[in-house]
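Written out below as structure tokens is the structure these notes cover.
Residue numbers start from 1 in every chain, and the chains themselves are labelled A, B, ... in the order their sequence lines are given, proteins ahead of strands.
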2 protein chains.
Amino acid sequence: MTVLADKSLEPHRLTSAQRVLSILGVFDTENLALSLSDISRRTGLTLSTTHRLLNELLRWGALSRHSDGKYSIGLRILELGTLAPQGGQLREIALPYLHDLQHATRGNIHLGVPEGHDVIYVESLRARDTVPVPSRLGGRWPMHATGTGLVLLAHSSQEFQEEVLASKLRRYTDHTLTDPDALRHFLAEVRKSGVAIVQSQLTHDAMAVAVPIRGPRDRVVAAVGITVPLGSPSPHSLVPALAATSRSISRALGAPSAVTDAGVPRQTAHWQVREVKYSSSAGR
Amino acid sequence: MTVLADKSLEPHRLTSAQRVLSILGVFDTENLALSLSDISRRTGLTLSTTHRLLNELLRWGALSRHSDGKYSIGLRILELGTLAPQGGQLREIALPYLHDLQHATRGNIHLGVPEGHDVIYVESLRARDTVPVPSRLGGRWPMHATGTGLVLLAHSSQEFQEEVLASKLRRYTDHTLTDPDALRHFLAEVRKSGVAIVQSQLTHDAMAVAVPIRGPRDRVVAAVGITVPLGSPSPHSLVPALAATSRSISRALGAPSAVTDAGVPRQTAHWQVREVKYSSSAGR
DNA sequence: AGCCCCTTTTCCGTCCAGCGGAAGGGATTT
DNA sequence: AAATCCCTTCCGCTGGACGGAAAAGGGGCT
């Protein structure tokens, strides 16, 4: 427990909004239910402040409380989350195609979108009879360590790619691509071939195939991927099915390049999230 | 849902936490992307306050911003939402069984949990070739108007049931059950038979069959339902499959009554959310 | 062009709401 | 019984959040 509050010369200059958010932020996959004092310790907020805020969050439905007194994320947050355009909305459109893909291939299917240096799985369909991969709906993984992530990275801006390559790239297995030069090479391949095929990036016994999905201005907005057990027949045989799925979804999203015949032009909603720049240093 | 700003003589006595939450609260299925001034108007907050809070939410990832300047719910919220024990966790456990159920029956499958007077769909699997029902993942519907909701209501406490029956029960179609006495009768039937079969509660052309799912102390924690087109062969033929699915999920959740043989006792997590009572009046 | 209206952004002085300390009440352990 | 934890409530003080105002941007219309 390295929870030692650094009370040297930084007496927690937080705005009240940040306090609220910091409470929500203490929940993660390993901490699904926390007590008042847990939360107080982990946020660094005083007990009374934490207590008051927890009650406000509870009343609103952002948190729920269990019979043992612990707090968890509430359903209202789940509900809210489905309103994220790159999340619930995209999922809604893509789901039928993903189902078809799963029927056809019997692999684990992922639909990933970029956030920060990570991919977030907006949908994760698991096959019953294949390798269990560590991928949940809502899961977050570094881009360099997943098939879908590498596809998204390959189609990001040059600066963004370099920014990611310059960061610390965690090695999950001894096959994980972490060398910047090797990655640059690989990303170029992905751009050229339109597909990423990788082995054992995250766990030893799996391989992944992923392709991009395009939205309105033909921008890459997401990626679909299949994960299959390591020694599977031929990952290349999965490419056509993936490509077809990607094309269908892209068309449904209104990607110009995917629109072949005179289909009904779908409503083009608010895709393509602007990269917002903050004064990353200088407090406010 | 009393969103009408009562600007008579109430100069917005809001806590700062409430201000933050009220911003998140303005997003719904009809308002996926809103501008600063939209949000300011709808929350009743001043422009400058809204502006500041939006930036804080943006920086944290609770919101995202589009190229047209509008704001939407961010992926971080989606991610958070999956941490809700009654949501993402339950979904995780139930999903394979729900898939099986869909294969077997080819209907629209719903997994609902109670929140307030409503059901929230924690999973929604749509069949391609059947009636489109208005049910999204994360969707919220009044209990009296859905099959899953009626099941959950039937297994709630007596007081809660009366509380719901006493509230205004919206009529969606002319078949929607809204008469308290008729509902009481129906709920008793559901308790006795263990299944709810209803017609055209929400839309005219559908019928639904739903059964409860039990968790640890055999408490009803969720409900599974199938929705099929109105004149389908026999809804009763769906009951066995539903019952089997329910039992499988209940067992996986650790419901005593569903544990038949010496299966591995699952970890019993924090189910059964306590109903927390607030001093509902007197704003401090 | 120029004009007008609407939106977003920034600045700054005031004031009160949110903060944290402290104390009280349970529950469980030594 | 004392000690230790956790949760809850109360209250006085202060600094940060608030809102007014004005500047900076952005279309659309004549």
Sequence neighbours excluded, which residues qualify as side chain to side chain contact (heavy atoms under 4.5 Å, CB included) partners of [X]?
X: A:A222; result: A:L90, A:L111, A:V113, A:I213
X: B:L83; result: A:F27, A:T29, A:L32, A:I73, A:R136, B:L80
X: B:T50; result: B:I23, B:L36, B:I39, B:S40, B:T43, B:L45, B:L54
X: A:A17; result: A:T15, B:V20, B:L53, B:E56

Who pairs with A:E162 by salt bridge (charged side-chain N to carboxylate O under 4.0 Å, His left out), at least two apart in sequence or on another chain? A:R184
In chain order, what residues pass the salt bridge (charged side-chain N to carboxylate O under 4.0 Å, His left out) check against B:R41, with sequence neighbours excluded? B:D38
Provide, to the nearest angstrom, the distance between the [atom1] atom belonging to [X] and the [atom2] atom belonging to [N].
X: A:N55; N: D:dC10; atom1: CG; atom2: P; value: 13 Å
X: B:D68; N: C:dT7; atom1: CG; atom2: C1'; value: 13 Å
X: B:R52; N: C:dC11; atom1: CZ; atom2: P; value: 15 Å
X: A:L54; N: D:dC6; atom1: CG; atom2: C1'; value: 13 Å
X: A:L53; N: C:dG20; atom1: CG; atom2: C1'; value: 12 Å
X: A:Q18; N: D:dA17; atom1: CD; atom2: P; value: 8 Å
X: B:Y71; N: C:dT8; atom1: OH; atom2: C1'; value: 8 Å
X: A:K70; N: D:dC6; atom1: NZ; atom2: P; value: 11 Å

Report each atom pair, protein N/O against N/O of nucleotides 15-17 of chain C, whose distance is under 3.5 angstrom.
{"from": "C:dA17", "atom 1": "OP1", "to": "B:R13", "atom 2": "NH1", "distance (Å)": "2.9"}
{"from": "C:dA17", "atom 1": "OP1", "to": "B:R13", "atom 2": "NH2", "distance (Å)": "3.2"}

What's the closest nucleotide to the A:S37 side chain, out of C:dT10, D:dC7, D:dT8?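 Taking heavy atoms from C-beta onward, the closest nucleotide is D:dC7.
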Between C:dG20, D:dC6, C:dT7, which one does the side chain of B:R41 approach most closely?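 Nearest listed nucleotide: C:dT7.
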By nearest heavy atom, map A:S35 and A:A17 onto DNA chain D; which one lands nearer the 5' end?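 Final value for this comparison: A:S35.
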Let me know, please, whether A:L36 or B:E56 comes out on the 5' side of the other along DNA chain D by nearest nucleotide. A:L36
When you compare the protein's N or O atoms with those of nucleotides 21-28 of chain C, which come within less than 3.5 Å of each other, and at what distance?
{"from": "C:dG21", "atom 1": "O6", "to": "A:S48", "atom 2": "OG", "distance (Å)": "3.3"}

Hey, is the side chain of A:H51 poking within less than 4.0 Å of OP1 or OP2 on D:dC7, counting only N and O atoms? no
According to the salt bridge (Lys or Arg N to Asp or Glu O under 4.0 Å) rule, which pairs have a member within residues 112-121 of chain A, sequence neighbours left out?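 Salt bridge (Lys or Arg N to Asp or Glu O under 4.0 Å) check on residues 112-121 of chain A returns A:E115-A:R140, A:D118-A:R140.
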Quick one: does any side-chain atom of B:R19 pair with a main-chain N or O of B:L14 as donor and acceptor, under 3.5 Å?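 Yes: the side chain of B:R19 pairs with the backbone of B:L14.
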Parallel, tilted or perpendicular: which fits the ring planes of B:H117 and B:F160, with parallel below 30° and perpendicular above 60°? perpendicular
